[in-house]
Amino acid sequence: MYRYDEFDAHFVSARVDQFRDQVRRRLAGDLTEDQFKPLRLMNGVYLQLHAYMLRVAIPYGTLNARQMRRLAHIARTYDRGYGHFTTRQNIQFNWPRLKDVPDILAQLAEVEMHAIQTSGNCIRNVTADHFSGAAADEILDPRPYAEILRQWSSLHPEFSYLPRKFKIAVTGAPHDRAAVQVHDIGLQAVRDAEGNVGFRVFVGGGLGRTPMVGRLVREFLPEADLLAYSEAILRVYNRYGRRDNKYKARIKILVHETGLEELKADIEAEFAEIRDGVLRLPSSEIDRIAAYFAPPAFAAADGDEAVLEAAIAADPALAAFAARNVHPHRAPGYASLTISLKPIGKAPGDATAEQMEVVADLAERYGHDEIRVSHEQNLVLPHVRRRDIPAIHAALAEAELAEANAGLVTDIIACPGLDYCALATARSIPVAQRISERFAAPERQREIGDLKIKISGCINACGHHHVGHIGILGVEKKGEEYYQITLGGSADENTSIGEIIGRGFSYDEVVDAIEKVVDTYVGLRETPQEDFLSAYRRVGDQPFKEALYGTA
Amino acid sequence: MAARLYRAGGFVADEWTHLDDEAALPAEGAVIVSLARFLAAASDVPQGVRLAPFVKAGDDPAQLAGHLSALDLVVVDFAKFSDGRGYSTARLLRQRYGFAGEIRASGDVLLDQIPLMRRVGFDAFAILNEPTLRALEAGHDVDVPLYLQPAERAGEVPAGARSWARRPADAQLS
Ligand code: HEM
Ligand code: SF4
């Protein structure tokens, strides 16, 4: 993984000192809250319902055991003993005190971490496929490019006061696990016929109150042009993005209102001016950064598989885990392993300090010291030898981290909602917990199969409900929480925005309604292999409407 | 209260005055006028008068392209510090149109934004904000002189191995 050199170390620790000074000036009254706000957001500090929240970047979701232990230490020392992993490959601490934040940032800097640009109207933490460098279907590891983008976008002098937040995601595989088409810029790495690396570039995807799928603006952007082209997009956005209404300020609205062809022409014109300038990436530099991400030395042996198979035959819990939470790896005898942060009935994405330490230990002992955070709010050990899976599973089970539900109905994404969030109009975590309890039986989950439920506590859509196979949006109606259900959303290479099925349901009714939708799907699918999305795309919304609202 | 002008590390007297669109041009002197008025008047400026355009967020600096070689100053307005369009304006003036005169930030100019402004090409700051004035007077520099992207300020040099990192020529990585 990427390691800081002297420059990076200075950069991050000097930024901590800078923020310490800003906090001091805020407390001394030299900065008003309005003036301080973008500065603290730039350092990941949000003002929440009950307290400040600190959002720490985990660039492209990659971290090592030492970093995970430091997160555990921070959770224990400055928070209430746990942290919350989010859909943006970040971790959030919900209870730090403002005066402690500079110390927390200093502790992060010691392990090459920071909270820079995890909030605010700037270029946010760059995200990537959580199986990067490991997945069997990967064309190339996208993390070197994500790292280059992370560096270029850090404290960018021209783009720190954008109209609105700006999110970039990168994937290196044809099957998109990074949801690139719902980001402001989505990059899909590809190779041309000669083997040269480039990117398919999507612009203007986003969720929030106006969900939009990103539009393809480049079929093949050569890797050398990555920064120049990004700068061209950002300049066009910074100059022309709307600033009169924050709900219309994302680049997706600019794409929509300007028209794709005209905006593309603007971007290309800007790009033509700067493409041969200093931002052109030398291949030697790309190679140098890529060397940090060289795969570890894999060492599987004959007989590994027999060890795993024997253990699976003897242990049904392990068998269930292996069936759901183990993913194909590019190296023979290896696998990537999902550690579910969705135990039945718990808040999605939460992990205690002790659990973080268990994961750190396992990564060190069995996983080449690598951990990933997925945008599905789970953790991943990307490189484990298959014969070690039984031992890892046993250790996870002891830490209550062995839920065998990756990708199943109880693997729910939910935003913080009314329990924490100042903008929320409804609870989302308790809805996730109740759905999880309703579908708790493992056989039933397995019978239902792959299903993505996503829940947001308001129209800002932090829980990605628009791209859930089943999406749930909490709204407020006459002082009561109501839940709107959308069906047919998806955030993979066939991204689609879910459609509202009909009137919403009360807090008490919503779990029954979800169960009806799921049962309807199970009843009408042609084979058990036809997943929810395929079935929905085949039959449309009518059967679900009938199940929910009757035929009248 | 009038803004005070900060340039090259110190406060200096300002020879330029702002002129409303309704007011007549003086017989001589250096005046800052709106971009529209500047464009209308640029072709026949009276002897002894120097004009500088006041460019608002949303104004297109390309309109100045043909005039820049005759200009000493362009003022870029920040009506709100959180509106970042002025950063692109300054950068285009330097990078695209090769303007070598003074680019002055004016309006809601605050201590923590000055380092970013310098890097996109601003070299003077008309400041109203009291705490910012105090801090600058006390020599309180909030810049972190390590940068991860090339920009427009003269005198920055590559830092370390990567092609996009920069530092000021006079700052050492200690
Ligand atoms: C708890 C306090 C939070 C607040 C106040 C908050 C606020 C917002 C707002 C206002 C938007 C809409 C932005 C727009 O469309 O312009 C948004 C979108 C979003 N937020 Fe949050 N959020 C919070 C927590 C989270 C969490 C925990 C996550 C998970 C990492 C998250 C991830 C997202 C995502 C993925 C979007 C959608 C981005 C898009 O529109 O494309 N947020 N958030
Ligand atoms: S979707 Fe709404 S309720 Fe949920 S975290 Fe975002 S802003 Fe808060």
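Bear in mind the structure is a predicted one, so any value in this text is a computation, not a measurement. Below, read A as the first sequence line, B as the second, and so on, with proteins coming before strands; counting in each chain starts at 1.
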If only side-chain N and O atoms count, and only distance matters, is there a donor-acceptor pair under 3.5 Å linking A:E158 with A:N238? no
When the ring planes of A:Y161 and B:F81 are compared, do they come out parallel, tilted or perpendicular, using 30° and 60° as the limits? perpendicular
May I have the list of side-chain donor-acceptor pairs in residues 115-122 of chain B shorter than 3.5 Å, sequence neighbours left out?
from: B:R119; atom 1: NE; to: B:E156; atom 2: OE1; distance (Å): 3.4
from: B:R119; atom 1: NE; to: B:E156; atom 2: OE2; distance (Å): 3.0
from: B:R119; atom 1: NH1; to: B:Q149; atom 2: O; distance (Å): 3.4
from: B:R119; atom 1: NH1; to: B:Q149; atom 2: OE1; distance (Å): 3.0
from: B:R119; atom 1: NH2; to: B:Q149; atom 2: O; distance (Å): 2.7
from: B:R119; atom 1: NH2; to: B:E156; atom 2: OE1; distance (Å): 2.7

Proximal component of A:S160, with respect to chain B [non-hydrogen, under 4.5 Å]: side chain
Region of A:D21 in contact with chain B, defined by heavy-atom distances below 4.5 Å: side chain
Heavy-atom distance under 4.5 Å to chain A: side chain of B:R162, backbone, both or neither? both
Could you have a look at A:R25, A:Q22, A:R280 and say which one has the most heavy-atom pairs with chain B under 4.5 angstrom? A:R25
Would you sort out whether A:R239 and B:D60 count as a salt bridge (charged side-chain N to carboxylate O under 4.0 Å, His left out), showing the intermediate values? CA-CA 9 Å; A:R239 295 184 66 196; B:D60 187 354; 3.0 Å; yes
By number, which residues in residues 223-232 of chain A have some heavy atom less than 4.5 Å away from chain B? A:L227, A:E231
Would you find more than 12 non-hydrogen atoms of other residues, nucleotides or ligands less than 6.0 Å from B:E28 atom CD? no
Non-hydrogen atoms of B:R167 and B:A159 that approach each other most closely: CG-CB, 3.9 Å
Name the option with the most non-hydrogen atom pairs under 4.5 Å to chain A; the candidates are B:S163, B:G160, B:A151, B:G86. B:S163
Would you mind checking which part of B:R166 comes under 4.5 Å of any heavy atom in chain A, side chain (CB onward), backbone (N, CA, C, O), both or neither? both
Hey, are the side chains of A:L108 and A:H114 touching, using non-hydrogen atoms and a 4.5 Å cut-off? no
Under the salt bridge (charged side-chain N to carboxylate O under 4.0 Å, His left out) criterion, do B:R134 and B:E137 qualify, and how do the steps go? CA-CA 5 Å; B:R134 253 189 287 121; B:E137 230 141 38; over 6 Å; no
Salt bridge (Lys or Arg N to Asp or Glu O under 4.0 Å) partner of B:R104, the single match among B:D123, B:D72, B:D77, B:D14: B:D14
Please report whether the ring centroid of A:F199 lies less than 6.0 Å from that of A:Y145. yes
Among B:Y97, B:F99, B:F38, find the one that has a ring pair (Phe, Tyr, Trp, His ring centres under 6.0 Å) with B:H67. B:F38
In terms of heavy-atom proximity below 4.5 Å to chain B, should A:D34 be classed as side chain, backbone, both, or neither? backbone
Interchain contact, A:L234 with chain B, by part (heavy-atom threshold 4.5 Å): neither
Heavy-atom cut-off 4.5 Å, strictly under: side chain, backbone, both or neither for B:Q95 against chain A? side chain
Under a 4.5 Å heavy-atom cutoff, which of A:K37, A:Q18, A:Q35 has the most pairs with chain B? A:Q35
Mind ranking A:L39, A:N121, A:D17 by heavy-atom pairs under 4.5 Å with chain B and telling me who comes out on top? A:L39
Have A:Y237 and A:D184 got a donor and an acceptor in their side chains that come within less than 3.5 Å? no
Please determine, among B:T89, B:D143, B:L111, the option with the most heavy-atom pairs under 4.5 Å with chain A. B:L111
